[in-house]
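Counting from 1, the numbers follow the sequence of the chain as shown. Counting starts at 1 for both ligands and their atoms, following the listed order.
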Amino acid sequence: MISKKMRPLVENNSAIRVMFEEGKRLAGLYGAENVFDFSLGNPNVPAPAAVNRAIADVLREEDSVAVHGYMSNAGFSDTRTAVADSLNRRFGTNLKEGNIVMISGAAGGLNAVLKAILDPGDEVVTFAPYFLEYRNYVANYEARLLEVPPDTETFQPDADALGTMITEKTRAVLINNPNNPTGVIYPEEAIIRIAEVLREKEQAYGHAIYLISDEPYRELAYEGAQVPFVTRYYADAIVVYSFSKSLSLPGERIGYVAVPDEAEDAESLTQAIVIANRVLGHVNAPSLMQRMLVRCIDEETDLEAYDQNRKLLYESLTEYGFQCIRPEGAFYLFVKSPEADEHQFCQAAKRHRILFVPGSSFSCPGFVRIAYCVSYDTIRNSLPAFKELAEEYRLKM
Ligand code: PLP
């Protein structure tokens with residue numbers, strides 16, 4: 001018998017499986033090319049050629065025992081140094097090897113950080129809409145996730161509302177920038193305001209409140225939009241980064257956590273993250289990927305491909321009458337449902353062979369998330385179906 005804690009997760013998982021099965025069923029009926037599946041955030045752009053070359057070079061040139069062996073749980077020294085140096089070059093920070101812990105993707109990193117800082121009954125605050133796994137991650141440590149309601153006009157974080165939700169029990173505030181599911185980027189002013197509120201609350205309660213920035217989409221920022229590096233604005237900041245999207249390596253499970261020296265208890269916090277990562281069973285981040293990163297730390301994905309998708313989809317959907325905030329980052333469009341219950345809208349879209357995810361899955365009902373990390377042709381071919389869907393709702397009348 002499975003645990004009481006796991007039961008609701010297993011039941012909920014079947015909802016996602018239903019969507020997956022539905023996609024397959026529709027593909028069987030109409031042909032895969034006539035089903036427009038925008039439900040998954042799986043990069044369709046291949047990893048840069050240099051990444052594949054570097055993996056082959058590592059296997060050919062480096063000592064096989066060392067490449068496949070255990071290393072220090074925090075990661076290879078040269079990989080951590082390469083990450084720190086790259087961040088220093090880009091953001092003017094002063095990070096060193098000791099500030100970086102290599103981890104298995106953002107999911108692994110978030111869990112290690114939360115395990116390192118949370119006691120049962122503690123609270124973490126985030127801004128809706130948000131990646132719903134946060135709820136499960138926080139629950140893993142018997143803590144509670146509180147959410148600041150969304151500003152559905154701008155989807156920017158409301159720092160004043162955040163202030164009203166912070167209590168003696170708040171250990172951390174968790175943000176995701178650029179944001180899944182809205183594609184919005186929290187600009188410098190927003191981070192400065194959050195930092196002001198947190199500093200005030202740290203003073204009032206006399207303990208650190210960490211600002212955890214979950215950044216798998218950091219490099220997916222269009223038209224020169226800047227994603228502020230939080231450690232520059234707030235001392236008790238922790239950055240959780242992943243190469244899943246930036247180098248199209250989601251199956252490889254590689255990323256890092258950065259804890260600056262300025263953070264309270266930085267050294268023991270870093271150590272706790274390393275040990276948490278170990279006792280969670282990850283032990284260390286995948287070795288071959290760490291070796292590859294030494295050679296590829298500044299490689300970039302094909303941003304242009306996502307940008308073309310973004311422009312075509314945003315411009316077409318808004319022309320058909322759908323309402324949507326113009327996304328500046330990540331690869332998602334967050335579209336207002338033309339009817340109050342967005343689940344009904346998802347059903348209507350499915351009749352046009354379009355699949356996307358209800359906003360309730362991000363704690364923001366009344367919207368749907370469209371993941372445009374698909375081929376340009378999929379988007380182009382889907383447009384007549386979107387147009388019919390808009391006409392069905394008489395959006396332009
Ligand atoms: N955080 C957010 C906001 C995400 O969207 C995702 C994956 O889609 C993750 C974390 C987990 O990413 P990773 O593959 O790095 O574990």
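Counting only N and O atoms by type, the side chains of Tyr217 and Tyr332 include a donor and acceptor under 3.5 Å apart.
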(message) Checking Arg89 against Asp298 for the salt bridge (Lys or Arg N to Asp or Glu O under 4.0 Å) test, could you report, in this order, the C-alpha distance in whole Å, the side-chain angles of both residues, the deciding distance, and whether it holds?
(response) CA-CA 10 Å; Arg89 277 195 301 277; Asp298 291 322; 2.6 Å; yes

* After noting the C-alpha distance and the side-chain angles of Phe386 and Tyr320, does the key distance pass the ring pair (Phe, Tyr, Trp, His ring centres under 6.0 Å) rule? -> CA-CA 8 Å; Phe386 271 113; Tyr320 303 155; 7.5 Å; no

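Each of Phe362, Phe345, Phe38 was scored for a ring-ring contact (aromatic ring centres under 6.0 Å, His included) with Phe356, with one residue passing: Phe345.
Sorted by chain then number, the residues whose non-hydrogen atoms approach ligand 1 to under 4.0 Å are Gly105, Ala106, Ala107, Phe131, Tyr134, Asn176, Asn180, Asp214, Pro216, Tyr217, Ser242, Ser244, Lys245, Arg253.
Listed by first then second residue, pairs satisfying ring pair (Phe, Tyr, Trp, His ring centres under 6.0 Å) with a partner in residues 153-182 read Phe155-Phe334, Phe155-Phe367, not counting sequence neighbours.
No more than 12 heavy atoms of other residues, nucleotides or ligands sit less than 6.0 Å from atom CD of Glu300.
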